[in-house]
Every structure is written in C-alpha cells, then in structure tokens.
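Excluded from the calculations below are hydrogen atoms, water molecules and symmetry mates; all remaining heavy atoms, backbone and side chain alike, are included. It should be emphasised that the depicted structure is a prediction, and the values quoted were computed from it without experimental measurement. Proteins get letters first, then strands, A, B, ... in listed order; numbering begins at 1 in each.
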Protein chains: 2
Amino acid sequence: MIDVVLADDHPVVRAGLRAVIDGQPDMRVVHETSTAEDLLRWLGGGGRADVVLLDLRFADARMGGAAATGTIVQEHATPVVVVTTYGTDADILAAVEAGATGYLLKDAPTDELARAIRSAAAGEVTLGADVQRRLLGRMRAPGESLSARELEVLRLVAAGRSNDAIARELFVSVATVKSHLAHISTKLGTRSRTEAAATARERGML
Amino acid sequence: MIDVVLADDHPVVRAGLRAVIDGQPDMRVVHETSTAEDLLRWLGGGGRADVVLLDLRFADARMGGAAATGTIVQEHATPVVVVTTYGTDADILAAVEAGATGYLLKDAPTDELARAIRSAAAGEVTLGADVQRRLLGRMRAPGESLSARELEVLRLVAAGRSNDAIARELFVSVATVKSHLAHISTKLGTRSRTEAAATARERGML
DNA sequence: TCGCGCATCGTCCGAAAGGTTGACCGGCCG
DNA sequence: CGGCCGGTCAACCTTTCGGACGATGCGCGA
C-alpha cells in the first residue's frame, strides 16, 4: 500500500486527487494540506508518506513548490511528484533541478497520475508526455542564460517601463540600460524590447 | 435532490467536483463530459439536469465555455455555474453576459461551491467572493473597452511584433496600425506599446 | 437623415529606441 | 600576472515610435 500526502491550495483539485488516489486499490491518502509550509510542518512533526504530491504554485506564495521540493527530497528522502496547472519551461526545470521525481500537468488523465505515483514510490522518474516534449524543446534551443542584472532590466521592460524610467529606477545611465538591452536581445534572438518581453514570458523567465 | 452535470477537460478537477457534490446530501452528479460539445450533445439528446457546472476554457478550444453557456441558458433553460481556474475580467464579463448564473474560481472552498449550486438550482445568482471584488474593481476603473480590431492589434503588439509586421499581418498600412495603437494607449492610459502590452496582460485582456 | 463610432490612410516632426564602436574598472580564474 | 567577463558609460547614426493634425467611407441607431 502506497501512502500519499497531498499539498494543493485548490480544495476542488485536492478532492479530485484524493478521489483518484483512493480509487486505486494499491494506494491511499494519509494526509493533505493547503500550503507547502503545512506540508513541511507535518513531515517535520513525524508525518510519514511514501510519495508527496505537490502543487507548484500557491496563491499566498510565501513558499513555492520548487523550494519545498528541495527541502522534502533532502531532509525527508521522500519522492516528490509535482502536479501543476500550467508548466512553463522555467517551472519544470526548477522542479526537476530541485529533485522532483515526477512532473504532471493537472489535465493529465487519471491513469497517468496513478502510474506516476507508483513509479515515484518505486524510485523511478516519470514525466508527463507533454512535459517531456517541452524539455526536449528546451534542449534544442540553447537558451543563453541572462545575467542577474540583465534579467532585472528585462523585468522592468516587460512591465512597460521606458529606458529612461529603468535607468532612474536602477540608478544607472540610459546608456547602460540600452547596453543591457542590446545584450538581452542578442541572447534571446529578438529585435526589440517588446519582442524580448514576449519571448521572456513565453520561456517563463519572469 | 439537485441533479448536476459537469463539463471540464481536467480529469482531476472533474473527479474533485464530483467528490464534493456527491459528498453533499442534497445533490448528485448525473453526468459528466470532458468537452462543451459533449455536454450540448447530451443535453440535446434528452439529458436533464437542474444545474450545469461548466469550465470556461477547454484545451482543444473549438467551443469555449461562454458560447456553451449562451446555448444552454437559451435552449435548455438550465442554470449554468461557471467554474474556472483564472478569472480574468474579460472571462467573467463574457460568462455573465452569456447568462451564467454563478461564477467561481477553482480555488474556491468546497462549501462555497455547494452554496453556489444550491443558489443556482433555486434560480438565484451567486458570484464567488473574489469574482465580486473583481467586478467591482472593473466598475471603479471605467476600463474603456477596446474594439475588436484594436484588441487584435494589441495582441500582436504583446507578441512583440513591430508596427510594420503588424501592418503586413493585418493587410493594412502602418499608419492604420499607429492609429489603432494611439487609440489603445488613450483608452488604457498608457504611453508606449510595451506599457500597453503590460497593462493589457495585467487586466487579462489577452 | 444626421450624427457618431470605427476603420482606414496620409503627412510631419520630435522623441524614443536600436546598433555600433570604443572605453574603463573590478573581480575571478588559470 | 594576464585574461576574460560583467557592469558601467559615451558618442554617433539609423530606424522606429508616438503625437497631432486631417481626411474618407461605412454602418448603425437616435
């Protein structure tokens, strides 16, 4: 019997996951929480489970799913299956790098969910079909990571600020902002600030 | 006993809604489908229910929830409660205008869901707490709705296209694009294309 | 029928953004 | 120590945008 613990801030989704899991003959839900913090508290307080089902995004985003994943994997040696609504590339990479054993989208069929839980309990890695496709896509496009400063500029650009406004906000000259923006566009393969912002959103860099 | 029919393309969410409803003493799920089309087909084929629970967005978006809502309300005289993940202002307005009796976000607590279904069965209108807040916010900020053409331009701007590219894509001159963009910025109170794109995203106009 | 909003196009000009080149400085690493 | 990279800045030029006119045609409702 596989003991599963759930953490998801949507009551309806939680009920759905519970229904699916309790409907399987070889697994059951032993506990559920609505935040990542509560989950960690439960595990820290002696809670035991074979698999953790974890949402990536929580409404009151004090602690994201990725951070929680890292803690759980390291401190409790329990496999984590991430279940989320929309998987941007960044989300997926963050979760996988944090040590997630599985990654599913919430629109995955129920048998895929059950399969992922069984695999995780057995120590194997399972990624949803569409998640695998995304990761492959990411591999093909090198991606050229941006520096911290560049990302900071890019965020302000995406928020609609002008170069002048950004310069004032970051206490640098307009020339510097333009310089960063030029590097950003080179790395992203874009030709304008708006296109850079669109591309960044698409790749989940914001 | 309130008979409820579900339409949602996420198996997990569907299981959750079913679990919540079947857990209530005074209601039950009589049918569920994964697309809006199937729902209409079922209703057209003699299916009867007191309340329809309907997702707004379907992955294979041949028919959206708003369109389905209109058909159901007009042709089958059955109250529709819309249950969706992210409620942008535009989504909510579209659903309410189409005749939705209730509008809930998927992260609403289960008792709010049950309450909404009971209200709908009784012919009353219930909007989720956060949905009401949004609608009020919309009232306070006039918002100045954009024309269809303007929205089309705005979408392309947000996608990072240049005026020239947009002009070619829409088979109009650059002057026209600029004209639209000027109107858009006036309506949104923005001062640049990038800011307009950011504002549009914020308000859920895309 | 008259007006109004919408979509279309044009011109002109100044402002903003993009591209290029070159430069300086401060870490960090081999 | 000598590169190399990241961040900073500058001058220059081209392209693109943005704003401010005006103008036409079309459909729809008062």
**Q** Give the rounded distance in Å between these two atoms: CG of B:L188 and P of D:dG18.
**A**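 Roughly 13 Å, once rounded to whole Å.
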**Q** Where is the tightest heavy-atom contact between A:P109 and B:P11, given as atom of each residue plus distance?
**A**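 Smallest interatomic distance, heavy atoms only, reads CA-CG, 3.8 Å.
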**Q** Can you tell me how far C1' of D:dC17 sits from CZ of B:R161, to the nearest Å?
**A**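 After rounding, the reported distance stands at 18 Å.
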**Q** Please determine, by modelled atom types, if A:T190 and A:T199 share a side-chain donor-acceptor pair under 3.5 angstrom.
**A**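 A:T190 vs A:T199: no donor-acceptor pair found between side chains.
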**Q** What's the closest nucleotide to the side chain of A:A175 if the choices are D:dC9, C:dT11, C:dG18?
**A**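 The closest nucleotide is D:dC9.
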**Q** Starting from P on C:dG18, measure out to NE2 on A:H183 and report it in whole angstrom.
**A**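 In whole Å, C:dG18 P and A:H183 NE2 are 14 Å from each other.
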**Q** Strictly below 4.0 Å: does B:S173 bring a side-chain N or O up to OP1 or OP2 of C:dG10?
**A**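 Answer yes for this pair, as a side-chain N or O of B:S173 is under 4.0 Å from OP1 or OP2.
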**Q** Return the 5'-most residue of the pair A:A148, B:S185 with respect to DNA chain D, ranking by each residue's nearest nucleotide.
**A**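 By nearest-heavy-atom nucleotide position, the 5'-most residue is A:A148.
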**Q** Which listed nucleotide (D:dT8, C:dG18, C:dC9) is nearest to the side chain of B:V172?
**A**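 Between D:dT8, C:dG18, C:dC9, the one nearest the side chain of B:V172 would be C:dC9.
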**Q** Quick one: A:E195 CD to C:dG18 P, roughly how many Å, whole number?
**A**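 One finds 11 Å between P of C:dG18 and CD of A:E195, rounded.
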**Q** In this structure, how many angstroms lie between the P atom of C:dA7 and the NZ atom of B:K178, rounded?
**A**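 These atoms are roughly 19 Å apart.
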**Q** Under 4.0 Å: is that the gap between some side-chain N or O of B:N163 and OP1 or OP2 of D:dC17?
**A**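 So the side-chain polar atoms of B:N163 do come within 4.0 Å of the phosphate oxygens OP1 or OP2 of D:dC17, strictly under.
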**Q** Report the distance from atom CG of B:L170 to atom P of C:dC6, rounded to the nearest whole Å.
**A**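 That distance rounds to 18 Å.
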**Q** Both B:V174 and B:S192 contact DNA chain C. Which one's nearest nucleotide lies toward the 5' end?
**A**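 Closer to the 5' end of DNA chain C: B:V174.
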**Q** How long is the line joining CG of B:D164 and C1' of D:dT16, in whole Å?
**A**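 It works out to 10 Å between those atoms.
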**Q** Ignoring hydrogens, what is the shortest heavy-atom contact between A:R48 and A:V30? Give both atom names and the distance.
**A**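 Of all heavy-atom pairs spanning A:R48 and A:V30, the closest is O-CG2, 4.0 Å.
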**Q** From CD of B:E150 over to P of C:dG5, roughly how many Å is that when rounded to an integer?
**A**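 Going from CD in B:E150 over to P in C:dG5 covers 13 Å.
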**Q** Which atom pair, heavy atoms only, marks the closest approach of A:V12 to B:A108?
**A**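 Taking every non-hydrogen atom into account, CG2-O, 4.4 Å.
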**Q** Could you walk me through whether A:E152 and A:R149 pass the salt bridge (Lys or Arg N to Asp or Glu O under 4.0 Å) test, one step at a time?
**A** CA-CA 5 Å; A:E152 205 169 351; A:R149 196 57 159 172; 3.3 Å; yes
**Q** Any side-chain N or O of B:R193 below 4.0 angstrom from OP1/OP2 of D:dG18?
**A**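 Result: yes.
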**Q** Please determine if a side-chain N or O atom of A:H180 lies less than 4.0 Å away from the OP1 or OP2 oxygen of D:dG6.
**A**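 So the side chain of A:H180 is outside the cut-off, no N or O lying under 4.0 Å from OP1 or OP2 of D:dG6.
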**Q** Taking only the side-chain nitrogens and oxygens of A:S147, find out if one of them lies under 4.0 Å from OP1 or OP2 of D:dG7.
**A**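 The answer is yes; a side-chain N or O of A:S147 sits under 4.0 Å from OP1 or OP2.
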**Q** Taking for each residue the nucleotide of DNA chain C bearing the nearest heavy atom, is the 5' side occupied by A:T190 or by B:S179?
**A**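 Mapping each residue to its closest nucleotide by heavy atoms, the 5'-most match is B:S179.
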